[in-house]
Amino acid sequence: MDMNQYLNMFIDESNDHLQSLNENMLQLESNPTDLGIVQVIFRSAHTLKGMAATMGFEDLASLTHQMENVLDLVRNNKLAMHEFIFDTLFKGLDALESMVQHITEGGDGKADVSSIVSSLQSIVSGDFLKSGTNAATEEAPSTKKAGSNDSAGLVLDQFQYSVLEQSISEGHRVHYIQVTISSESQLKAARAFMVFNALENSGEIVKAYPSVQDIEQEKFEQSFSLYYITQKEVGELEKEITGISEIDTVSVVQLDQESLKQMSEVTAGLAETAAVQEAPVAVQPPVPSQPQSPATASVAKPAAGKAPAAKAAAPTHNRTIRVDIERLDVLMNLFSELLIDRVRLEQLASEASNPALTETVEHMSRVSSDLQNVVLKLRMVPVDTVFNRFPRMVRDLAKSLDKKLELIITGAETEMDRTVIDEIGDPLVHLLRNSVDHGIESVADRIAAGKPETGTVHLRAFHSGNNVFIEIEDDGNGINREKVLNSAISKGVLTAEQAASMTDEEAYQVLFAPGFSTAAVISDVSGRGVGLDVVKSKITALGGNVTVHSTLGQGTNFSVQLPLTLSIIAAMMIQIGSEKYAIPLSSIVETAIVKRKQIRSVHGNKMIAFRDSHIPLISLSQLFEVPDFNEDEEEETEVVVIRKGDRLAALSVQDFLGQSEIVLKNLGKYLPNIQGISGATILGDGQVALIIDPNVFIK
């Protein structure tokens, strides 16, 4: 069966399970004796293993199985959690994430995890404690029993016998196959699955021994046997199976009606003589999608029954569905066109002075406004999708730096547009790493300063107007202004004169200068001058800004302001000559009218008085070279005061056209990057208006 159609579902659900595993492992690390958390972790791992085996990703399934063995001992009180166990399981989760990522990129999910497997096996055996006690001794008898006397275990029931007999009569070949896996193999369950998958490609497996459960849990020694229906000959099958790595021996015997009967009688006699106490595994009824292979559901695809079983506990009234992101993008594009036409209709209705038409257009406007809210909400994603990967990252980072700290997350349910969510992950990673490395002191330093030895990093998200604020605050040592400025001077970022005249806030902004770092030693965490400059450029590109507040000895707060959405925004429409422009309202402080005599020239730059200070005045008509407007001829100039962080500037325009909701359109590949322009929009009369990026005008 072609499994490609299920690949996207497998990737999505695997990522969900991996995230759940990471979160619950962190909880378990805080409370190692809570077996309830272990049960949750075990179920997620078991489901992930089943899905991976079903999709044919043997390496992923086998590694998960080894981790499952450790968790099984823990949940049965045969093993106590230990720092080495936590570290090994976290390494296993990292490897699983890499495998899933490889599959997402079109790979086969294979990876060399032998060292992790060895560590997991040493945990099961107890060798990691250098103790003679074997934590898994209670499993040994059942393991040995499951792998012994294959013939006695391979007893056919009446249904299976009739299937084989009928296949022979119809001209198919029926084979009895015995496979022995190398004793040096560390992934014998994976090799068994590979044999099953290879055989499934050209036939049907009717019965296998040991049972599916025993093979999944590696409760067999080195060999297994099976009855197999195919058109291939003995030599072809032997060559195909021996081509799989770590297979020692293969025995393939073709059966006819007589030999099948004799074989069945012999195995039945051996089973009776051996007095097998375990009942043979019942053959499951054929699955609807594969009526031609009655035994395949129980043997050939052993994990196929596992994933649905894990889902059985979920509520049947699930009210959420997965929607491909591209479909939401298409929906947004279609609605954008509808919004443009709505504005055009409103304009035409006002010109026509037709009451019936006006009433209809007003009703359509109300409906489309409701539709707009629905579409925008569909694209809104909780920031939790970004935040949930940080606890694990902070845990590993603190461990590598030998620091103690606690990450407290609040407001993870705060929603933002998907386009913003996709971009903020990396900036937040840099800010968190900066807080852990530069902000939080070592345990000794914190104790010397009279602070708790465990530092605290707060990660908050909250709405404010049409913006979302994300704050990263630590209770560390704060920012040393003099250290920052001295480092900036030594690196040539600033001159001594510039540094002397800076306020604290301006000094903190030096942290975002390209190539700047205060780290004395280059390490894996910091010191290469790459980090906060990336944060600033990325946040600015998203139409947001980042500010810093710090108190020496008490801590630092990085506050990131971001727009709710980048698709449909409220803007002030302005006109300069025959050209129209849009300025996002989120960047506007206020509008005003300035007389010519109020404009001053300072060092060749135009300035205007604004609230007990002077701010630069920028002429958009000169900047964009508007041919049919000359503001020097105007006695009064309309200005728009814009803001970027704590800095202000004024843009001179000709006329204000009013406020409007506009749809952002990309300028495309054919137009060069124009400084000060972030995109374009289509107006109700069909004209194109460029959208101004105010951040460019404030340095």
Side-chain angles (χ1 to χ4, degrees), residues 3 10 14 17-18 42 45-72 88-89 91-100 102-103 107-125 136 139 143 146-147 150 177-201 205 208-226 240-250 296 298-307:
M3 305 300 273
F10 166 77
S14 294
H17 282 294
L18 286 171
F42 182 86
H46 188 70
T47 304
L48 180 60
K49 179 189 72 174
M51 293 191 305
T54 303
M55 295 295 296
F57 301 121
E58 291 86 4
D59 286 8
L60 199 155
S62 298
L63 176 57
T64 313
H65 174 67
Q66 296 291 342
M67 297 170 65
E68 195 179 41
N69 288 342
V70 174
L71 294 167
D72 189 47
T88 304
L89 290 174
K91 288 178 183 177
L93 289 178
D94 289 341
L96 292 175
E97 288 178 352
S98 297
M99 290 178 178
V100 173
H102 189 221
I103 294 169
D108 55 9
K110 293 186 180 296
D112 182 10
V113 293
S114 56
S115 62
I116 300 175
V117 169
S118 298
S119 297
L120 291 168
Q121 290 177 340
S122 73
I123 293 171
V124 173
S125 66
E139 288 192 349
T143 303
D150 284 356
I177 303 175
Q178 286 185 309
V179 180
T180 303
I181 300 173
S182 171
S183 59
E184 298 178 356
S185 174
Q186 294 182 338
L187 302 171
K188 58 182 181 179
R191 303 310 169 196
F193 283 131
M194 292 175 72
V195 172
F196 286 148
N197 287 335
L199 294 176
E200 275 190 319
N201 291 332
I205 300 172
Y209 187 83
S211 67
V212 174
Q213 291 79 6
D214 287 340
I215 290 177
E216 278 189 333
Q217 299 174 18
E218 291 196 357
K219 292 182 179 179
F220 68 105
E221 290 183 343
Q222 304 303 132
S223 63
F224 58 91
S225 52
L226 52 90
E240 186 173 9
I241 297 174
T242 53
I244 297 173
S245 61
E246 298 184 340
I247 299 297
D248 254 3
T249 60
V250 178
T296 303
S298 63
V299 178
K301 292 185 181 297
K306 295 296 178 181

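Computed over heavy atoms, backbone and side chain alike; hydrogens, waters and symmetry mates excluded. All values derive from a computational prediction rather than experimental measurement.
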Handout entry: Contacts of S182 that satisfy side chain to side chain contact (heavy atoms under 4.5 Å, CB included) - sequence neighbours left out
Key = E184, E246, D248
Practice task
Check whether any side-chain heavy atom of L18 sits under 4.5 Å from a side-chain heavy atom of L48, and report yes or no.
Solution key: yes
Fill in the blank from the handout: Rounded to the nearest 0.5 Å, the OG atom of S119 sits from the CD atom of Q66 at a distance of 11.0 Å
Problem - Spatial distance of atom CZ (F193) from atom CG (D59) [nearest 0.5 Å] - result: 12.5 Å
Practice task
Might you work through the side-chain contact (heavy atoms from CB on, under 4.5 Å) test for L60 and V100, ending with a clear yes or no?
Solution key: CA-CA 8 Å; L60 199 155; V100 173; 3.8 Å; yes
Practice task
Flag the pair I116 / D94 as yes when at least one side-chain heavy-atom distance between them is below 4.5 Å, and no otherwise.
Solution key: no
Handout entry: Heavy-atom pair of closest approach, residues M51 and S14
Key = CE-OG, 3.9 Å
Handout entry: For G92 against L63, the heavy-atom pair lying closest together
Key = O-CD2, 3.9 Å
Practice task
State, with a plain yes or no, whether a side-chain heavy atom of M55 is found less than 4.5 Å away from one of I103.
Solution key: no
Exercise for the section: Could you go through the side-chain contact (heavy atoms from CB on, under 4.5 Å) check for M67 and L96 one step at a time? Expected result: CA-CA 11 Å; M67 297 170 65; L96 292 175; 3.7 Å; yes
Exercise for the section: Please round to the nearest 0.5 Å and tell me the distance separating atom NE2 of H17 and atom NZ of K49. Expected result: 13.5 Å
Problem - Working for side-chain contact (heavy atoms from CB on, under 4.5 Å), residues L89 and I123 - result: CA-CA 10 Å; L89 290 174; I123 293 171; 5.9 Å; no
Problem - Closest non-hydrogen atom pair, A190 against S62 - result: CB-OG, 2.5 Å
Problem - Check: L199 and L226 side chains under 4.5 Å, non-hydrogen atoms - result: yes
Practice task
Would you confirm whether Q222, through its side chain, and I181, through its main-chain N or O, come within 3.5 Å as a donor-acceptor pair?
Solution key: yes
Problem - E97: partners by salt bridge (charged side-chain N to carboxylate O under 4.0 Å, His left out), with sequence neighbours left out - result: none
Practice task
Report the residue from V195, T180, I241 that forms a side chain to side chain contact (heavy atoms under 4.5 Å, CB included) with V250.
Solution key: I241
Practice task
Determine, stepwise, if the pair E58 / N197 fulfils side-chain hydrogen bond (donor to acceptor under 3.5 Å, both in side chains).
Solution key: CA-CA 10 Å; E58 291 86 4; N197 287 335; 2.8 Å; yes
Practice task
Could I get the full list of ring pair (Phe, Tyr, Trp, His ring centres under 6.0 Å) partners for F42, not counting sequence neighbours?
Solution key: none
Problem - Within-4.5 Å side-chain heavy-atom neighbours: I247 and M194 - result: no
Completion exercise
For S185 and R191 the tightest heavy-atom approach is OG-CG, 3.9 Å
Practice task
Output the distance between atom CG (L93) and atom OG1 (T64), rounded to the nearest 0.5 Å.
Solution key: 9.0 Å
Exercise for the section: Would you name the heavy atoms of F224 and P210 that are closest together and state the gap between them? Expected result: CB-CD, 3.5 Å
Problem - S223 side chain reached by Q178 side chain, heavy atoms, under 4.5 Å - result: no
